[in-house]
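Structure first, then comments.
All of these numbers come straight from a predicted model, not from anything done at the bench. Residue numbering restarts at 1 for every chain, and letters A, B, ... go by the order of the sequence lines.
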Amino acid sequence: MDILIGGILLGGTYVLMALGLQLQYGVARIMNLANGEILVAGAFGAFWFYSGFQANPFLALIVIVPLAFILNWGIYRYLLSPLVRRAKSRGQLEVDSILATFGLSFIFVGLMLAVFGGEYFSYGYLERAVIVLEQPYGLNRIAAFCASAALCIALVLWLNHTRSGLALRAVAVNPTAASLVAIKVARTSALAFAIGGAVTASGGALLSMFLTFDASIGVIFTLKALIIVILGGVGEIRGTIVAAFMLGLAETAVASLIDPGLTLAAAYLLFIVILLVRPQGLFGSRS
Amino acid sequence: MSGTDKRNFALAAMALAMAALLPLFDTGYWLALGVSLAMYGVLATSWAMFSGPTHYISLATAAFFGTGMYIVGGGVEILPFPVLVVIAAVAGAALAVLVGLTTMRISGVYFVIFTLGLAELIRQVVTWVQTTMGSSSGLYVLTEITESMIYWQLLLLLAVVYLVGWRINRSRLGLALRVIGNDETVAAHVGINTAKAKVILFVISGTVASVTGALLAPRWTYVEPTIAFSPMISFQVVIMALLGGVHRLWGPLCGVIPFMLLWDLISAQFPNQTTLLLGVAFLLIVYLIPNGVVGLIESRLKRRSSGNG
Amino acid sequence: MLEVRDVTKSFSGLVAVDGLSFDLAAGQIMGLIGPNGSGKTTVMNLLSGELKANTGQIHLGNREISKLPAHAIARQGLARTFQIVRILPAMTVLENVAVGGVFGHARYWGPGLETRALEMLARVGIRHLSQTPATALTYIDQKRMELARALISDPEVLLLDEWLAGLNPTELTDGISLIGELRTEGRTIIIVEHVMDAIRSLCDHCVVMNSGRKIAEGAPAVVLSDRAVISAYLGDDDA
């Protein structure tokens, strides 16, 4: 039972980072391998606010989210869209964007190492135990989960009930057709990429409330976010949410039943099984 | 064999012979650099043999490299070194077959992540096995093998890689890979078993990386998972191969030599900024020299010849 | 030569090909026609192995090919061109054609390969362009090159997927006469085409599809005046 609740709490915070990547890959069609670093940057932002100004992480979001939005918009506009224009084929674009975002991820890691150093960071906010079904859980975990759920719901509502959300979904399904109905594909892609980055960064800020992190941990989260996106199906918001919980559960189960050192191995095993059994993801349809 | 082939062979043999003389002059810094050059030369060339034509970016180098190294580390007290190298080759090939068969049907992005995770997966499992089974997380590799011997072995391996690459380029397999790189659908419809061709190349490059790891194990007397499976190895191989150019057999080596020399200088100057610098190097290559040094040279030559003619 | 039995293919609920059966005798040229979206291209993709049928069998000669992957079908002797021409952009015209003769039904290598590829280029009338990069060709010449790539493997059955589409009137006449020559060579061909003149002048036999089903079959002249066929193309009110 504590595995179940622990898994759900963990999965709830994974949802945000995976949705961020999903927006970037599903709409802008760029596999952003620096996604994990954006998340870690969000975590450092929250840490910095907490230790510098005693500001609580939720308030820090007010600053982190717009900053991440602008940063990611800039990345797409000035670094990635030239690649989109230059690419002769989809394969070429894929290779170029993989390499460019890898480069970016190294640069981010390097910068964060330079600023914060190589130590592990954590801070104690809301470190009280709350009893749920006779088991204690950190209040910070529960608060992070609730905030994450609220942000998720807001994002899904925005996607489903606004014009710009509709434009995003249209580009995700078919960029060519979207451009035929007067949707500005380049602008929509940039918007999706920026929002995706902001969502990921807020996920990082929330994760930092209960997770110890360091400057070079980002790649692990990129891997996890990717596994979730593929597990749920590319372009499937519902699938992403379900998959995030599945990963959270699987990791918690392995960590408490076998060894905490094997969580990534567990995630990876899940990934292999999906690729073999259902490469289009749980909710994706075969193209 | 044509005239140019003969000339190229003679040139390559001469270069190899000259490189082999290095340990006679210096067994300190320059030999250490020579070992690194040979190691990355082998890894980058074999990487490009697979990734160049297929456009699949493999980050599994560290997984194979580490596997080879660990096989030597684990067996060095039980079996003679050459036997261990053979075992490493077989294990690398087997691992590559497994990975190849599961991943060759999936698209490029998934493949990148899959291969990146592979090294991490093996590292976690090895660490876990070592800590639950034994005492320490590392292995001692104590042998009589000197650095000069490692260097010569690597040069020999490099020569073998070049011969294999040269043979493949002239074979049906080489043509098949070029077609796959151009258009995989056409490839399948002219009768090419695309999955098989890709797996064969992946196996070759995985085997070579595993053997390289095995040969290098005696260089470190103490082998740890974090060294053997370091993702840095995979990234550096990718960047050097791309810097040189992946559409020619000799391209990666043109990237390895300048990169290693520069990298040595820079990382000595800024030991704490290596990650940042590696990132900058990635971006510079993608934006400024997408076809590598070889691509630059070739387009320069073409321009000159068209200017004259 | 080719035998299609009760083949069905659906894409997440949409039935693209529904219980289709037909036979193709050696030396015959069959036209596969029907309005847009009737499932013709899906049939071509099922035959060449690009797609796998949900149910039903396809036999080439006396071998079942419906379970084989595309490359194995090509080796059994089925070659095709694509609706939207597919060239190998980084290769010359000669290389583009040669690759068809290396891995397929007929296999060449070494000097024999080049001779054979040049023969095929001459056959489709672009021998003089053999050293040109494939990307530099005009559209019709790219289509010719693609045809040569299919012919070099000496296929038992040749699939031409809208090979005449997008050609101007002069090119169209050339194209039709080229396929006509293949017919006199005794090749077995399936053509998917919207150009009805080509169907009338080239085909011995026609299969008409609508919404995934076969609605008529027979000689072109007969089939094209069939009421069901006319209403499929033009709508019921006109019939």
Side-chain angles (χ1 to χ4, degrees), chain B residues 1-2 5 48 51-56 100-102 104-107 167-201 245-249 251 290-292 294-295 298-299 302-303 305-306 309, chain C residues 44-45 47-51 65 68-92 94-110 113-114 117 133-135 142 145-146 148-155 158-159 161:
Chain B
M1 201 184 286
S2 71
D5 277 343
S51 294
T54 59
H55 304 306
Y56 275 62
L101 289 180
T102 47
M104 287 307 155
R105 290 170 305 151
I106 61 180
S107 82
R167 271 299 303 154
I168 289 177
N169 281 346
R170 267 151 195 75
S171 69
R172 286 168 196 250
L173 178 61
L175 180 64
L177 287 165
R178 280 180 65 204
V179 180
I180 291 170
N182 269 277
D183 188 326
E184 198 155 343
T185 307
V186 170
H189 282 95
V190 297
I192 295 170
N193 188 341
T194 54
K196 189 172 144 197
K198 286 188 281 186
V199 171
I200 291 175
L201 261 288
V246 292
H247 53 286
R248 290 273 180 271
L249 185 58
N291 293 321
V294 171
E298 280 178 349
S299 63
K302 201 180 279 175
R303 209 171 305 148
S305 69
S306 66
Chain C
M44 293 302 232
N45 285 334
L47 291 174
S48 74
E50 175 79 2
L51 297 171
I65 58 168
L68 296 180
H71 68 89
I73 293 176
R75 288 177 191 183
Q76 289 300 315
L78 188 140
R80 73 173 291 181
T81 65
F82 294 89
Q83 191 176 0
I84 294 157
V85 63
R86 296 188 90 121
I87 60 167
L88 304 170
M91 293 183 167
T92 64
L94 184 68
E95 288 174 315
N96 257 275
V97 173
V99 298
V102 178
F103 310 96
H105 183 232
R107 293 175 161 228
Y108 303 87
W109 190 245
L113 176 64
E114 193 177 323
T135 44
Q142 290 188 345
M145 179 181 82
E146 209 184 23
R149 185 170 72 206
L151 285 174
I152 192 173
S153 67
D154 193 19
L158 176 64
L159 308 183
D161 195 351

Heavy atoms of B:S51 and B:Y56 approach each other most closely as OG-O, 2.6 Å
query = Between B:H189 and C:S48, does any side-chain donor sit less than 3.5 Å from a side-chain acceptor?
reply = yes
So, the part of B:A187 with a heavy atom under 4.5 Å from chain C: the answer is neither
Only residue of B:N182, B:V179, B:I192 satisfying side chain to side chain contact (heavy atoms under 4.5 Å, CB included) with C:V99 is B:V179
Looking only at C:G49, C:A90, C:G104, most heavy-atom pairs under 4.5 Å shared with chain B are made by C:A90
So the salt bridge (charged side-chain N to carboxylate O under 4.0 Å, His left out) pairs with at least one residue in residues 182-195 of chain B (sequence neighbours excluded) are B:D183-C:R86, B:E184-B:K198
Across all chains, not counting sequence neighbours, the side-chain hydrogen bond (donor to acceptor under 3.5 Å, both in side chains) partners of C:E95 are B:R178, C:T92
For C:E114, the salt bridge (charged side-chain N to carboxylate O under 4.0 Å, His left out) test, sequence neighbours excluded, returns none
Original post:
Within a radius of less than 6.0 Å around CZ of B:R170, do more than 12 heavy atoms belonging to other residues, nucleotides or ligands occur?
Top reply: yes
Within residues 72-82 of chain C, the residues sitting under 4.5 Å from chain B by heavy atom, in sequence order, are C:A74, C:R75, C:R80, C:F82
